[in-house]
Enquirer: 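Once you've had a glance at the structure underneath, I'll fire off some questions.
Note that the structure is predicted; figures quoted are calculated from it, not measured.
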Amino acid sequence: MKNLKNSKTSGISLVALIVTIIVLIILTAAVIVTFMEGGIIEKAKEAVFKSDIRTYQEILAVKNAEKQIELATGNGEGGLYNETDYDKIKEIIPEFKEEYKDLIAISNGEIVLGTRSEDPYSIWLADLGIGVAKTSVVALLEVGDYVNYDIPGGTYEIPAEDRRWIYNNVNGEESYEIGYQDIMWKVLKNDGTEVTLVSEESVENIYLLIDDANAGKSRAYLNGPDRLDAICETVYGGRNLKVEDVNEVLKIEPKPSYYNSEGTQVYKELGATFGDAIEEDGYDVSGWDKPENYENIPLYYSYTKSDCVNVGETEKDMIFAQDNYWLSSSSIIVYFNHVYVEYPLLVVDNDSLTQWELYPTGDGDLYDVCGLRPVVTLSASTQIADVTGDGSSADNAWQLK
C-alpha cells in the first residue's frame, strides 16, 4: 500500500509539472504577443529618437549662441547654421548619429526635416513640432511660380558616332557642343516632398534626322530620347521633359489608338503598346520594317490645349506657351488596314501634343529640329535664399540657394 501511495504522489507531481510548463508557455507567448502588439520596442525606439533630437536642439542652441557672440565681437563670419551634409552636421553636433543621416538638416539655426522623409521618423519629428524648413521649397513654391536657380552648368559634346543624326543648330551652323544657358525656371510640380522645375522657355535647336548612309535609319528615333536626356543631365543636372510629365500636369488621361485590319479605330488604355495591338488584332508583322524592341513602343495619342479641361491657364501655359520642343518620349502610329506604320517622337507644337516622324518605313529623308525643356528635381532640404519675392513673375522670382 505504501508503494502504491508513493506512485500516486509521483504521478500527481508529474502532471502538475506538465501543467505548470504548459501554463508558463502560454503566459510567455501572451507576454510576447502583448510586447509586440503593444509596440513596446517601437515606443522605446521613438523615445530614444525624440530624446536624441531634443539633445541635438539643445546643443545647436548653444552653438548658435556662441556663433552670435563671435559675430558680435567681430571674431566670426556668416549667419545661422545651414547644413544638410552629414559630416558637417556632425562637426556642429558631435553626438549626431549616423543612423539619422539625411533624416534631419539644419536650416537657419534650427533642426528641420531632411531629405530622407520617411515614417515613422517624420511623424515623430512632427510630434516635436519639426517639419520642413519654413524657407524650404516644398513649403513656399507653388505650381507656376517663377524661380531663379543658378546651376553650375556643364557642356555636352555630341559623340562622334552620333553626329550623323543629332547636332545643335547655332545661327544656321552645325555644332556638336551644347553649353549652359542662364534660364528662368517655373514650378512644374510640388508633391510636398520634392519640387520639380521646368525651364520657362525651350532651349537649343536640336536636329534629329535619319541616317540611311550609316545604316542607322532608326537611330534618331530609338536613341533620341536618351540623348536629349543626356544633354539636359550634363548641361543642367536634370533631364528633358517627358510626356508623362505633361499628362500629369495637365491632369489628362488620353486614349491611345490604332487602326485594326478592318479599318476600325481601336482605343486602348494609356500605356498600351504595339505588342498589345498585334496580339489583339492577330496581324502578322513579320515582313514589316520595324526597329528593335518594337513590341514595347507605346501607341500614339494626341490632344490639344482645349482638351485640357481639368486644369487652369497656369498649367496650360507652362506646357503650351512654348512651341516646337521635343519630349523624351517615343510612340507608334499603326494602320493595319493600310499595312503601314509611323514611328514618331512626341513634341509640343501649336497648342498641341503631337509628333514628328523620325523613322520612315520606306525611303525618305526625314528630319526635324525642336528645342528642349530641361527638368530638375529639388528635395525638401533645398532652401529659398530670398523670401522677398513671391514667384508671381520673372522680375519677382524666388531665389534658391
Side-chain angles (χ1 to χ4, degrees), residues 45-141 147-154 180 185 187 190-197 233-238 376-389 398-401:
K45 186 177 179 181
E46 177 184 355
V48 170
F49 177 76
K50 289 182 176 179
S51 176
D52 288 340
I53 298 301
R54 292 190 184 97
T55 299
Y56 301 160
Q57 289 176 315
E58 293 171 0
I59 295 172
L60 186 57
V62 172
K63 291 295 183 73
N64 282 325
E66 291 175 349
K67 191 168 188 179
Q68 296 311 305
I69 293 172
E70 291 176 356
L71 288 171
T73 58
N75 296 320
E77 59 182 26
L80 296 172
Y81 286 106
N82 288 281
E83 296 294 351
T84 58
D85 181 74
Y86 166 75
D87 293 326
K88 292 181 179 178
I89 294 176
K90 193 164 180 66
E91 290 177 7
I92 302 168
I93 307 173
E95 292 83 354
F96 188 54
K97 296 179 180 178
E98 187 173 4
E99 62 191 274
Y100 301 152
K101 180 179 179 180
D102 297 330
L103 279 172
I104 66 171
I106 300 175
S107 174
N108 292 324
E110 296 181 354
I111 299 291
V112 298
L113 183 65
T115 58
R116 198 175 120 212
S117 177
E118 62 181 52
D119 294 337
Y121 297 106
S122 57
I123 297 174
W124 296 343
L125 287 169
D127 291 343
L128 297 173
I130 296 173
V132 298
K134 295 177 181 178
T135 55
S136 166
V137 290
V138 300
L140 293 176
L141 300 188
V147 178
N148 271 320
Y149 183 40
D150 295 328
I151 298 172
Y180 175 78
W185 300 86
V187 178
N190 182 351
D191 65 4
T193 60
E194 60 185 23
V195 170
T196 304
L197 305 180
E233 180 180 7
T234 301
V235 180
Y236 297 100
V376 295
T377 301
L378 310 174
S379 69
S381 63
T382 307
Q383 304 295 302
I384 305 293
D386 181 4
V387 294
T388 58
W398 297 107
Q399 180 66 51
L400 301 192
K401 292 183 179 179

Enquirer: Less than 4.5 Å apart, side chain to side chain, heavy atoms only: is that true for Val147 and Val187?
Expert: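 Val147 vs Val187: side chains touch.
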Enquirer: Go through the structure and list residues passing ring pair (Phe, Tyr, Trp, His ring centres under 6.0 Å) with Tyr121, not counting sequence neighbours.
Expert: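 Tyr121: ring pair (Phe, Tyr, Trp, His ring centres under 6.0 Å) contacts with Phe49, Trp124.
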Enquirer: Among Val195, Asp191, Thr382, whose side chain to side chain contact (heavy atoms under 4.5 Å, CB included) with Val138 holds?
Expert: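 The residue from Val195, Asp191, Thr382 that satisfies side chain to side chain contact (heavy atoms under 4.5 Å, CB included) with Val138 turns out to be Val195.
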Enquirer: Does the Lys88 side chain pair with the main chain of Glu83, one donor and one acceptor, at a distance under 3.5 Å?
Expert: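 Not at all, since once roles are kept as given, no pair shorter than 3.5 Å links the two residues.
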Enquirer: Please name all residues satisfying salt bridge (charged side-chain N to carboxylate O under 4.0 Å, His left out) with Glu233, sequence neighbours left out, ordered by chain then number.
Expert: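 With sequence neighbours excluded, Glu233 shows a salt bridge (charged side-chain N to carboxylate O under 4.0 Å, His left out) to no residue whatsoever.
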Enquirer: When rounded to the nearest 0.5 angstrom, what is the spacing between NZ in Lys67 and CD1 in Ile92?
Expert: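 Here the rounded value is 7.0 Å.
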Enquirer: As an exercise, state the distance from CD1 of Ile130 to CD1 of Ile53, rounded to the nearest 0.5 Å.
Expert: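 Ile130 atom CD1 to Ile53 atom CD1 measures 6.0 Å (nearest 0.5 Å).
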Enquirer: Donor-acceptor pairs under 3.5 Å, side chain of residues 54-61 to any protein atom, not counting sequence neighbours: which ones?
Expert:
{"from": "Thr55", "atom 1": "OG1", "to": "Ser51", "atom 2": "O", "distance (Å)": "2.9"}
{"from": "Tyr56", "atom 1": "OH", "to": "Glu95", "atom 2": "O", "distance (Å)": "3.2"}
{"from": "Tyr56", "atom 1": "OH", "to": "Lys97", "atom 2": "N", "distance (Å)": "3.2"}

Enquirer: Sequence neighbours excluded, which residues qualify as side chain to side chain contact (heavy atoms under 4.5 Å, CB included) partners of Thr377?
Expert: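 Here the qualifying residues are Glu194, Thr196.
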Enquirer: Measure the OG1-CG distance between Thr84 and Asp102 for me, rounded to the nearest 0.5 Å.
Expert: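 The OG1 atom of Thr84 sits 8.0 Å away from the CG atom of Asp102.
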Enquirer: Kindly compute the distance separating CD1 (Ile384) from CH2 (Trp398), expressed to the nearest 0.5 Å.
Expert: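 Those atoms lie 6.0 Å apart.
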Enquirer: If you take all heavy atoms of Leu113 and Ser122, which pair is closest and at what distance?
Expert: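 Scanning both residues completely, I find the closest heavy atoms to be CD1-CB, 4.3 Å.
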Enquirer: Name all residues meeting the salt bridge (charged side-chain N to carboxylate O under 4.0 Å, His left out) criterion together with Asp85; count only those two or more places apart in sequence or in a different chain, and write none if there are none.
Expert: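 Partners of Asp85 by the salt bridge (charged side-chain N to carboxylate O under 4.0 Å, His left out) criterion come out as none, since no residue qualifies.
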Enquirer: Carefully, step by step, assess Ile151 and Trp185 under the rule side-chain contact (heavy atoms from CB on, under 4.5 Å).
Expert: CA-CA 11 Å; Ile151 298 172; Trp185 300 86; 3.5 Å; yes
Enquirer: Tell me, please, which residues at least two apart from Asp87 pass side chain to side chain donor-acceptor pair (under 3.5 Å).
Expert: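 For Asp87, no residue satisfies side chain to side chain donor-acceptor pair (under 3.5 Å) once neighbours in sequence are set aside.
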Enquirer: Assess the residue pair Leu400 and Leu378 against the criterion (side-chain contact (heavy atoms from CB on, under 4.5 Å)); give the C-alpha distance rounded to whole Å, side-chain angles, the decisive distance to 0.1 Å, and a yes or no.
Expert: CA-CA 10 Å; Leu400 301 192; Leu378 310 174; 3.3 Å; yes
Enquirer: Excluding sequence neighbours, so at least two apart, what forms side chain to side chain donor-acceptor pair (under 3.5 Å) with Tyr100?
Expert: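 Here the qualifying residues are Asp52.
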Enquirer: With sequence neighbours left out, write down each residue that passes side chain to side chain donor-acceptor pair (under 3.5 Å) with Thr234, or none if nothing qualifies.
Expert: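 Side chain to side chain donor-acceptor pair (under 3.5 Å) check on Thr234 returns nothing, list empty.
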Enquirer: If you count the non-hydrogen atoms of other residues, nucleotides and ligands that lie under 6.0 Å from NZ in Lys90, is the total more than 12?
Expert: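 Check passes, neighbour count above 12.
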Enquirer: If you measure from CG on Leu128 to CD1 on Ile111, what distance do you get to the nearest 0.5 Å?
Expert: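 Answer rounded to 0.5 Å: 10.5 Å.
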Enquirer: Between Asp150 and Gln399, is there a side-chain heavy-atom distance shorter than 4.5 Å?
Expert: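 Touching, per the 4.5 Å side-chain cut-off.
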